[in-house]
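Quick caveat, the model's predicted, so the values are computed rather than measured. Just so it is clear: chains get the letters A, B, ... in the order the sequence lines come, proteins before strands, and each one is counted from 1.
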Protein chains: 2
Amino acid sequence: MTVLETVSGTVLESDLVPAGVCLQLESQRNRRPRGRDRYTISEVAEYTGLTAHTLRWYERIGLMPHVDRSHTGRRCYTDRDLDWLDLVARLRLTGMPVADMVRYAGLVRQGEETVAERERLLSAHRETVRRRIAELNATLEVLDYKIERYADTRRRASGRD
Amino acid sequence: MTVLETVSGTVLESDLVPAGVCLQLESQRNRRPRGRDRYTISEVAEYTGLTAHTLRWYERIGLMPHVDRSHTGRRCYTDRDLDWLDLVARLRLTGMPVADMVRYAGLVRQGEETVAERERLLSAHRETVRRRIAELNATLEVLDYKIERYADTRRRASGRD
DNA sequence: TACGGAGTTGGAGTGCGCTCGAAGCAAGCG
DNA sequence: CGCTTGCTTCGAGCGCACTCCAACTCCGTA
């Protein structure tokens with residue numbers, strides 16, 4: 001019916017994260033606090049870029065697969081937890097709703113028999129991401145056109161003066 | 001500092017719009033309610049996919065360049081308004097915050113002397129979109145890898161049974 | 001002239017994803 | 001011993017982009 005329906009609906013950029021903006025797929029492991037396999041919440045916060053608050057919240061809503069505790073009740077994250085958070089961050093980055101990630105986490109918790117459904121879920125999401133990329137590319141063209149027109153206007157204006 | 005900082009921060013998919021999902025850049029003009037250059041709010045809602053509520057809200061916050069009224073005070077949208085809404089929808093689609101769009105609308109209202117700044121604003125946004133696309137592509141790889149691994153697991157499982 | 005339907009306003013409410021504050025405990029240090 | 005620092009919990013609050021409600025007006029048709 002309408003022209004501007006999209007795969008993504010509204011897209012928010014809530015917090016434009018600080019400065020050192022770059023997604024380096026490979027550098028993960030290096031940057032992981034020297035492989036002790038036991039990390040405090042603040043170390044994990046530092047590593048993932050999430051706040052400690054958010055990490056606790058992820059746990060509360062069932063987005064973390066159950067984090068170990070020290071004898072005094074403090075969280076002890078493992079390398080596996082960091083791996084999981086990497087995946088979560090990526091899904092989040094590509095716009096998967098938290099509810100879906102929670103669902104996915106639940107499937108993981110249930111074990112092997114959910115492998116097919118997990119695959120289905122990720123495949124569906126991949127499709128969404130692909131459509132989103134196509135959408136963005138289409139809009140880039142419009143942006144290019146607009147910018148080019150502004151550039152023309154500017155050139156004409158300065159030519160006249 | 002952290003690995004997962006990104007250009008986009010969190011991305012929400014608020015409402016996955018109904019069914020006929022497809023962005024057809026070219027079909028705009030055809031689908032525009034026969035060129036009368038005077039449209040009611042509900043016609044515009046139908047055309048843009050926004051609700052009448054949202055259209056009024058856009059006006060209130062200064063995202064619409066001033067819409068004509070009929071003698072009884074009803075909004076009369078013109079083709080120019082629809083053009084503007086097309087652009088707004090595209091910017092929204094690519095994640096530009098409403099506040100920035102309002103700022104852009106303000107520049108347009110101020111006239112010719114803001115052309116340079118408008119160009120700057122759109123260029124900056126284009127850069128953001130480009131980075132976002134790169135980000136999504138990078139994540140697609142991770143997704144591919146994950147899905148492939150799930151597929152393997154499934155194949156091995158069915159092979160054993 | 002009565003009535004349904006579509007428009008108008010201002011302001012309140014919703015959903016999502018965090019984000020924060022208060023109050024309390026435990027460990028380490030001078 | 002007191003003090004700081006960093007963690008704990010629970011629940012409330014926030015920012016964004018809508019989304020909706022109540023009360024009203026206006027228009028067209030029966």
Side-chain angles (χ1 to χ4, degrees), chain A residues 4-6 8-18 33 38-46 48-64 67-77 85 88-89 91-103 105, chain B residues 2 4-6 8-18 33 38-46 48-64 67-77 85 88-103 105:
Chain A
L4 294 160
E5 284 173 1
T6 73
S8 54
T10 300
V11 176
L12 311 175
E13 307 193 59
S14 47
D15 48 326
L16 290 182
V17 186
R38 279 186 126 242
Y39 311 100
T40 67
I41 197 167
S42 55
E43 285 169 331
V44 176
E46 165 75 3
T48 60
L50 301 167
T51 69
H53 282 301
T54 302
L55 287 169
R56 291 190 204 101
W57 179 67
Y58 276 6
E59 214 174 314
R60 259 192 294 184
I61 63 173
L63 191 45
M64 282 302 298
V67 180
D68 283 358
R69 298 302 181 109
S70 74
H71 65 104
T72 55
R74 296 190 176 188
R75 286 170 182 79
C76 288
Y77 291 84
L85 283 169
V88 165
L91 295 179
R92 182 186 82 120
L93 210 59
T94 46
M96 183 183 282
V98 166
D100 288 9
M101 294 195 282
V102 169
R103 173 161 168 59
Chain B
T2 65
L4 293 161
E5 284 174 0
T6 73
S8 53
T10 300
V11 177
L12 311 176
E13 307 191 60
S14 47
D15 49 325
L16 290 182
V17 186
R38 277 187 128 240
Y39 312 99
T40 66
I41 197 166
S42 55
E43 285 169 333
V44 176
E46 165 76 2
T48 59
L50 302 167
T51 68
H53 283 303
T54 302
L55 288 169
R56 289 189 204 103
W57 179 66
Y58 277 5
E59 213 176 316
R60 258 193 294 184
I61 64 173
L63 191 45
M64 283 300 300
V67 179
D68 283 358
R69 297 301 179 110
S70 73
H71 67 104
T72 57
R74 297 192 175 187
R75 287 170 182 79
C76 287
Y77 290 84
L85 283 169
V88 164
R90 263 166 230 290
L91 294 178
R92 182 187 82 122
L93 210 60
T94 46
M96 183 185 281
V98 167
D100 289 10
M101 293 196 282
V102 169
R103 174 161 169 59

message: Nearest heavy atom decides the nucleotide; on that basis, is B:His53 or A:His71 closer to the 5' end of DNA chain C?
response: B:His53
message: Taking the minimum atom-to-atom distance to the side chain of B:Tyr58, which one of D:dC18, C:dT9, C:dC18 wins?
response: D:dC18
query: For the pair made of CD1 in A:Ile61 and C1' in C:dC16, what is the distance, rounded to whole Å?
result: 11 Å
task: Could you check A:Glu43 against A:Tyr77 for side chain to side chain contact (heavy atoms under 4.5 Å, CB included), going step by step and ending with a plain yes or no?
output: CA-CA 9 Å; A:Glu43 285 169 331; A:Tyr77 291 84; over 6 Å; no
statement: In whole angstroms, the gap separating C1' of C:dA6 from CG of B:Leu55 amounts to 15 Å
Contacts of type side-chain contact (heavy atoms from CB on, under 4.5 Å), residue A:Ser42, not counting sequence neighbours: A:Thr40
query: Do A:Arg69 and A:Arg74 come within less than 4.5 Å of each other through their side chains, counting heavy atoms only?
result: no
query: Nearest-Å distance, CG (A:Leu63) to P (C:dC18)?
result: 9 Å
message: Expressed as a whole number of angstroms, how long is the span from B:Leu93:CG to D:dC18:P?
response: 11 Å
- prompt: For the base of C:dA6, is there a side-chain donor-acceptor partner from B:Arg74 under 3.5 Å away?
  reply: yes
task: Answer with base, sugar-phosphate or nothing: what part of the nucleic acid does B:Arg56 contact at a heavy-atom distance below 4.0 Å?
output: base
message: I need the CZ-P distance between B:Arg60 and D:dA17, as an integer number of Å.
response: 15 Å
query: For B:Tyr77 and C:dA6, what is the distance between atoms OH and C1' respectively, to the nearest whole Å?
result: 14 Å
message: Quick check for you: among D:dT19, D:dC7, C:dC18, whose closest atom lies nearest to any side-chain atom of A:Trp57?
response: C:dC18
field: Shortest side-chain distance from A:Thr72, nucleotide among C:dA27, C:dG7, C:dG17
entry: C:dA27
message: Can you tell me if B:Thr40 touches the phosphate of C:dA6, counting only side-chain N or O atoms and a distance under 4.0 Å to OP1 or OP2?
response: no
message: So for B:Arg69 and C:dG7, does any side-chain atom that can act as donor or acceptor lie under 3.5 Å from a complementary atom in the base?
response: no
